[in-house]
2 protein chains.
Amino acid sequence: MLALVVPIAKRRKEDVTVKLIAVFKQLIAEGTLEPGGRLPAERELAESFGVSRSSLRQALKVLEIMGVISQRVGDGTYLNKGADAILREPMEFLILLDGISAHELMEARLLVEPELAARAALRASEEDIAEIHRELGAMEAAKDDHAKFVAHDLLFHQAVFHAAGNRVTSLMFSVVHKSLDKLITMTSQVVEPEHTLTLHRRIYQAIRKRDQDESRRRMTEHLVDARDLLTRAAEKQSHFQMTARIQTLKKKEPRPSR
Amino acid sequence: MLALVVPIAKRRKEDVTVKLIAVFKQLIAEGTLEPGGRLPAERELAESFGVSRSSLRQALKVLEIMGVISQRVGDGTYLNKGADAILREPMEFLILLDGISAHELMEARLLVEPELAARAALRASEEDIAEIHRELGAMEAAKDDHAKFVAHDLLFHQAVFHAAGNRVTSLMFSVVHKSLDKLITMTSQVVEPEHTLTLHRRIYQAIRKRDQDESRRRMTEHLVDARDLLTRAAEKQSHFQMTARIQTLKKKEPRPSR
DNA sequence: CTGAGGGGAATGGTACTACCAATAAATTCC
DNA sequence: GGAATTTATTGGTAGTACCATTCCCCTCAG
């Protein structure tokens, strides 16, 4: 059964914060705010909108965490240009809350990337192919540095995405890649770099030959291999490790019996 | 050329808000907070963490917009179970900021959904197929109500996603679908509902027959058709329309010459 | 005229207080 | 025993005060 998506009309009393976010959305859409541009100071904005600075700051904080804007003390607030980081935080929570496993993330890649490789073979420009080749070279150069090796591995895949010419999937899967980064790094320590390199070389060659079918096959071959490795590695790992906390949290029961 | 992802180490002074979000992430990860569970009151939490309620509220607001928690006045704050909405807001901003067009969104669908249809033909359970059929029926029943018709159209596709059994892609494309909703509704007013229905029926039949190749073909057929219709319709539309604003915004130049 | 340095103003970050409105549990009343 | 009312709790908003950082302009020395 499908999860109920609740398109319910509960538009009734919206937060001021929510309204503010909608306003910013509109201002961006109509071009009043331009990427890279500077926003008025918080105190001014708050007055303009007729809300308190507290409320405005809540909205701005949301936008900042999502990567829409950047704030710097003593300087100001700026609308970001591209927003690569915009999906990162949400995605991490998604993985936590829905308990999405590395296996599922790899399945998603397996579902999409082969087709994208085929598309890349069809539409890649010479520059795109050169970029893919560069990342391949960077991988070779970083054989001994696992972190670097994996970083360029993922950049290789991003380059393929770029060559396929679809920003939507590219953006989406940059997050998936990022989420898998740590796990892949762990895995790479028990795999011969040359093995990974061989698989990547085949993908590159296929795209370079403009062979759609082979590109698709080679990408599938690589990802199936990676998925199996990853799944085994993941079984030994319980979960992700998050960053430090501020203070100790009183673990009192959240059940105030009133 | 790929966009520079700025992996720069600027971990220096993090916001209290950012730290708090990290704390919540950890609390969720280690199971101290359970989905559906109730969080302590804001005033208590703020004291526990040793931060002001203002700062805490900023963090909570971020989590609420992302769909991680729900807050109700007079009641309390609860950790959500699934977080369906978690990618919606970020995705909308992404589309705005990167200026992603409806055409590109449809291209993304065209890239992914055919393969997913094939996967659905392979892995769909009887219940999955029944669900797809139900949405088909709902479309037929809503021939005259454009909004409803389109809603069930998208639910049909969601059902196929579900049948394919990959939550990651399902979540991602629920956002894409949502973004296209209005535009598709407009388009549907100039298209014979029977035309759309026919294409959907073919997809359903193919999946039901467990024919992967035909499922893929039929989904491609449908989306190519939809894309062309949509692209033509979009050309006449400048942009999206967002919801209302609170008050008039002083359009003063964001260039305080100090 | 040029460059280095200092001071002031503006900005975001945080804390704290006060009050409102909505909610749910406890209480009272019929 | 059930319905209406009261009461305490909770999130929502506004407003103030103060801090640390940053930028800009002005001054002054060379």
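Since we're looking at a predicted model, the values are computed, not measured. Worth knowing before you read on, the calculation uses all heavy atoms, side chains too, and leaves out hydrogens, waters and symmetry mates.
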| Is any side-chain nitrogen or oxygen of Ser54(B) closer than 4.0 Å to OP1 or OP2 of dG13(C)? |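 No, no such contact exists.
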| query | Got a donor-acceptor pair under 3.5 Å from the side chain of Arg57(B) to the base of dG11(D)? | reply |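 There is none.
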| task | Whole angstrom is fine here: how far is it from CD in Glu14(A) over to P in dG11(D)? | result |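 Result: 20 Å.
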| Nearest-nucleotide 5' precedence on DNA chain D, Glu42(B) against Ser52(A) |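 Nearest nucleotide further toward 5': that of Glu42(B).
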| What about Arg43(A): does its side chain form a donor-acceptor pair under 3.5 Å with the base of dG12(C)? |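 When only heavy-atom distances are counted, Arg43(A) does reach the base of dG12(C) through a donor-acceptor pair under 3.5 Å.
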| Think Thr77(B) has a side-chain N or O under 4.0 angstrom from the OP1 or OP2 of dG11(D)? |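 Yes.
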| message | Tell me whether Lys25(A) forms a cation-pi arrangement with Phe93(B), defined as NZ or CZ under 6.0 Å from the six-membered ring centre and within 45 degrees of its axis. | response |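 Because its charged atom sits under 6.0 Å from the ring centre and within 45° of the axis, Lys25(A) does stack over Phe93(B).
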| Distance in angstrom units between Asp75(B) CG and dA8(D) C1', rounded |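 Going from Asp75(B) (CG) to dA8(D) (C1'), I get 14 Å.
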| Flag for Ser52(B)-Ser55(B): side-chain donor and acceptor within less than 3.5 Å |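 Yes, side-chain donor-acceptor contact under 3.5 Å.
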| field | Interatomic distance where CG belongs to Leu56(B) and P belongs to dT14(C) [whole Å] | value |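 So the CG-P distance, Leu56(B) to dT14(C), works out to 12 Å.
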| said: If I take atom CD in residue Gln71(A) and atom P in nucleotide dA10(C), what distance separates them, rounded to the nearest angstrom? | reply: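 Going from Gln71(A) (CD) to dA10(C) (P), I get 19 Å.
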| request: Give a yes or no on whether a donor-acceptor pair under 3.5 Å exists between the nucleobase atoms of dG12(D), that is its base, and the side chain of Arg72(B). | output: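 Answer no: no donor N or O sits under 3.5 Å from an acceptor.
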| request: Rounded off to whole Å, could you give me the CD-to-P distance for the Gln58(A) and dG15(D) pair? | output: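 Value for this atom pair: 15 Å.
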| task | Report yes if the distance between the aromatic ring centroids of Phe156(A) and His177(A) is under 6.0 Å, otherwise no. | result |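 Here the rings of His177(A) and Phe156(A) have centres that are no less than 6.0 Å from each other.
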| message | Between the side chains of Arg53(B) and Glu42(B), is the shortest nitrogen-to-carboxylate-oxygen separation below 4.0 Å, so that they form an ion pair? | response |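 Salt bridge: yes.
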| Earlier contact from the 5' end, DNA chain C, for Arg53(B) and Thr17(B) |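 That would be Thr17(B).
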| field | Rounded interatomic separation in angstrom, taking CZ from Phe49(A) and P from dA14(D) | value |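 About 13 Å, once rounded to whole Å.
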| Euclidean distance, atom CG of residue Leu45(B) to atom C1' of dT9(D) [Å, nearest integer] |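 Going from Leu45(B) (CG) to dT9(D) (C1'), I get 15 Å.
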| Taking CD from Glu44(A) and P from dA9(C), how many angstroms apart are they, rounded to a whole number? |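 My rounded result for the distance is 17 Å.
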| query | Are any side-chain N or O atoms of Ser170(B) and backbone N or O atoms of Asn166(B), one a donor and one an acceptor, separated by less than 3.5 Å? | reply |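 No, because the side chain of Ser170(B) does not come within donor-acceptor range (under 3.5 Å) of the backbone of Asn166(B).
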